[in-house]
Amino acid sequence: MIRARVVVASNRAAAGVYADTSGPLLVAGLRELGCQVDEPVVVPDGEPVAEALRAAHADGIDVVLTSGGTGITPTDRTPEVTRALLDHEIPGIAEAIRAYSRDKVPTSALSRGLAGVLGRMLVVNLPGSRGGAKDGLAVLGPILGHAVDQLRGGDH
């Protein structure tokens, strides 16, 4: 069983200005993929995202999908705080997600989301939109099990 967590990086959702919709979509998608996942953790962007990633790592989570904070506004900090924690990046995942979205949503090229490994935990930054969440799940679905198996020490 893959243990997953969804971390939503949204200053406004964390402040209660509006309800996040991408997080529940990601939770449902991960459950459809057979993952054990609780409801999303909603935090402001920046250091609270790093704290949530460290907590997931300490809890032995296999996969964390973040939603939001990947754009180019001054408050979008998710890639920076994620990168600082990673042991190594997996650029092909982030590239595949942007490529999957590119023809439908040209502005997906502005996403700075990344993917990588913290210990034995896969971390993938996704855009905060419902479309970005769906596209991320579409790319991750076929590779998630293999990636987690590899991180657990499985052979090629």
Honestly curious: do V27 and I97 fall in one hydrophobic cluster under the side-chain, below-4.5 Å linking rule?
yes

Gap separating the CD1 atom of I143 from the CG atom of D149, nearest 0.5 angstrom:
13.5 Å

Would the distance check show the side chain of R120 and the main-chain N or O of L151 forming a donor-acceptor pair, the cut-off being under 3.5 Å?
yes

Side chain of R98, backbone of G113: donor and acceptor closer than 3.5 Å?
yes

Calculate, to the nearest 0.5 Å, the distance between atoms OG and CG belonging to S67 and D20 respectively.
5.5 Å

Using the rule given for side-chain contact (heavy atoms from CB on, under 4.5 Å), can you reason through T75 versus D45, listing the C-alpha separation, both sets of side-chain angles and the distance that settles it, and then say yes or no?
CA-CA 7 Å; T75 60; D45 202 354; 5.6 Å; no

State, to 0.1 Å, how close A56 and V64 come at their nearest heavy-atom pair, and which atoms those are.
CB-CG2, 3.5 Å

For R112 and I72, which heavy atoms make the closest approach, and how far apart are they?
CD-CG2, 4.1 Å

So, T78 and D76: side-chain donor and acceptor under 3.5 Å apart, yes or no?
no

Co-membership, hydrophobic cluster, residues V124 and V63, 4.5 Å side-chain:
yes

For M121 against H57, the heavy-atom pair lying closest together
SD-N, 3.7 Å

Which of V8, V6, D135, L26 passes side-chain contact (heavy atoms from CB on, under 4.5 Å) with L126? It is L26

So, S101 and S108: side-chain donor and acceptor under 3.5 Å apart, yes or no?
no

Spacing of CD belonging to E80 relative to OG1 belonging to T70, to within rounding of 0.5 Å
10.5 Å

Taking L118 as the starting point, is it possible to reach L65 by hopping between hydrophobic residues whose side chains are less than 4.5 Å apart?
no

E51 side chain reached by V43 side chain, heavy atoms, under 4.5 Å:
no

Listed partners of E95 passing side chain to side chain donor-acceptor pair (under 3.5 Å), at least two apart
none

Given the options I61, I90, D62, I2, L122 meets side-chain contact (heavy atoms from CB on, under 4.5 Å) only with I90

Please find the pair of heavy atoms, one from V49 and one from A9, that lie closest to each other, and give the distance.
CG2-CB, 3.5 Å

Hey, is E32 close enough to K134 for a salt bridge, meaning N to O under 4.0 Å?
no

E47/R54 ion pair, N-O < 4.0 Å:
yes

Please tell me whether L30 and V7 are part of a single hydrophobic cluster in this structure, the criterion being side-chain heavy atoms less than 4.5 Å apart.
no

Check the side chains of N125 and T66 for a donor-acceptor pair under 3.5 angstrom, ignoring hydrogens and angles.
yes

Check this for me, if you would: do R5 and D59 make a salt bridge, where the nitrogen-to-carboxylate-oxygen distance has to be below 4.0 angstrom?
yes

Could you tell me which non-hydrogen atom of G60 sits nearest to which non-hydrogen atom of R3, and how far apart they are?
O-NH1, 3.5 Å

Which heavy atom in L140 sits nearest to a heavy atom in I93, and how many Å separate them?
CD2-CG2, 3.9 Å

Is it the case that more than 12 heavy atoms not belonging to R12 sit under 6.0 Å from its CZ atom?
no

ILVMFWY network linking V37 to V41, side-chain heavy atoms under 4.5 angstrom:
no

L137 and L25, any side-chain heavy atoms less than 4.5 Å apart:
yes

